[in-house]
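These notes concern the structure reproduced below.
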Protein chains: 2
Amino acid sequence: MPTPDRTSLDAIVTAARDLLEAEGLAALTMNAVAQRVGVRAPSLYKRVESRDRLIQLVAEATLTDLADRLSEERSVATIVNEFRAFGRERPAAFQLVLTPASGTPLADDSFRFVASEAILRGAGELAGEEHALEAARTVVAWATGFISMELNGSFQLGGDVDAAWSYGVERIVAAITR
Amino acid sequence: MPTPDRTSLDAIVTAARDLLEAEGLAALTMNAVAQRVGVRAPSLYKRVESRDRLIQLVAEATLTDLADRLSEERSVATIVNEFRAFGRERPAAFQLVLTPASGTPLADDSFRFVASEAILRGAGELAGEEHALEAARTVVAWATGFISMELNGSFQLGGDVDAAWSYGVERIVAAITR
DNA sequence: ACCTGAACACCGTTCAAGT
DNA sequence: ACCTGAACACCGTTCAAGT
């Protein structure tokens, strides 16, 4: 006799995302996720192939969220500021997606592509279409590195980090402007 | 009756470092390290407090190696090129140290400080001492982001990645030069 | 003084048995 | 058709017992 579903893939991915942010990737265990959605760990395998695949789904959902937010911004400066705001709101997801450790399951390229569209467009307007790709890579590399360093406490030498961010935005925008 | 030592902290850290590079952080288990140095896992605890502490020691040794290499370079361009070479030679260690995931044990700040000296000096020469810190942060953020993206395959849109690197170096150096 | 097997509490994952 | 307990092979870590 069929049993009504007690959970769903969406609920599982949401639970995993919350767990990642609240306690880090190591705490994202099948047991902990199962407990959050109200089943036992083995039941999760009816909906997700493995823990790695679940992590990949979280990464992909994160990129979708990020793409939505960046797509509403127009200038390189506001895109990059929104990028930083996203990193501060969801630091663990940001690191998972933008600076994954060796061995971490990666989001499919299609998700990364969507998230890169806003920056590609903004950079193209400043640098010219023929240099859009190089310019976008310069901006994204800088912003990703900066935010990642900020999130993991690498700015240890004092100084005003917000000022360094503003300095960077200004210089990078000038650097890629034709 | 005393037994002669069958391993050493140095051998353990070296084994851990090699394992990290060969198979990733997840494969850096106490069992695998013990096997490499020729003892059983429990014996490692005579020399290292925990797996987390061992990972931290690997991170700190990596920063020492990096500092040695960067200190021999003089210009921002050559420092940053050497930084990239290091990342390509030891991608897993690079990621562990420069873009650690949430929950990863971090190297003590003193080790990070040593590794940042060369760039701080180089950036100061270009930007002036009063902007050395902001300029160094801009350079390091860009280079770290670029190399990290390169290592984890984030440059998926084609184009010449070496050309994007050269473009970036040139623009960043110009951007921070007073 | 160092090393070890056995043990503990955890993992991820599989699978037969339940409803 | 979904869910579960039990089981398996692994983790990191502790500790009493060996030399």
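Convention: sequence-line order gives letters A, B, ...; per-chain numbering from 1. Treat the numbers as computed from the prediction; the structure is a model and nothing was measured.
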Looking at [options], which one has an atom nearest to any side-chain atom of [X]?
{"X": "A/K46", "options": "D/dC3, C/dT13, C/dT4", "result": "D/dC3"}
{"X": "A/D5", "options": "D/dT4, C/dC3, D/dC2", "result": "D/dC2"}
{"X": "B/Y45", "options": "D/dT4, D/dT13, C/dG5", "result": "D/dT13"}
{"X": "A/T29", "options": "C/dC3, C/dG12, D/dC15", "result": "C/dG12"}

Between [N] atom [atom2] and [X] atom [atom1], what is the distance in whole Å?
{"X": "A/L54", "N": "C/dG12", "atom1": "CG", "atom2": "C1'", "answer": "12 Å"}
{"X": "A/L44", "N": "C/dT13", "atom1": "CG", "atom2": "P", "answer": "10 Å"}
{"X": "B/R51", "N": "D/dC10", "atom1": "CZ", "atom2": "P", "answer": "16 Å"}
{"X": "B/M30", "N": "C/dC3", "atom1": "CE", "atom2": "C1'", "answer": "15 Å"}
{"X": "A/I12", "N": "D/dC2", "atom1": "CD1", "atom2": "C1'", "answer": "12 Å"}
{"X": "B/Q35", "N": "C/dC3", "atom1": "CD", "atom2": "P", "answer": "16 Å"}
{"X": "A/R40", "N": "C/dG18", "atom1": "CZ", "atom2": "P", "answer": "17 Å"}

Spell out, as yes or no, whether a donor-acceptor pair under 3.5 Å connects the side chain of [X] to the backbone of [Y].
{"X": "B/T78", "Y": "B/S75", "answer": "yes"}
{"X": "A/T144", "Y": "A/V140", "answer": "yes"}
{"X": "A/Q56", "Y": "A/P105", "answer": "no"}
{"X": "A/D108", "Y": "A/F111", "answer": "no"}

Could you check whether B/R47 gets within reach of a base, just the sugar-phosphate, or nothing at all, counting any heavy atom under 4.0 Å?
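Counting heavy atoms under 4.0 Å across all strands, the contact made by B/R47 is with sugar-phosphate only.
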
Under 4.0 Å between any heavy atoms, over every strand shown, what does B/S43 touch: base, sugar-phosphate, or nothing? Just pick one.
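It contacts base atoms.
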
Nearest-nucleotide comparison on DNA chain D, the residue closer to the 5′ end among A/T7 and B/E49
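Checking each residue's closest nucleotide, the 5'-ward one belongs to A/T7.
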
Can you tell me if the side-chain N/O atoms of A/N31 get under 4.0 Å from OP1 or OP2 in C/dC11?
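It does, given that an N or O in the side chain of A/N31 lies less than 4.0 Å from OP1 or OP2 of C/dC11.
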
For C/dG12, what is the paired nucleotide under Watson-Crick or G-U wobble rules, both distances under 3.5 Å?
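Its partner is D/dC8.
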
So what's C/dA1 paired with, Watson-Crick or G-U wobble, going by both distances under 3.5 Å?
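D/dT19 - that is the nucleotide pairing with C/dA1, both distances being under 3.5 Å.
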
Pair B/S8-B/D10, side-chain donor/acceptor within less than 3.5 Å:
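Result is no, nothing qualifies.
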
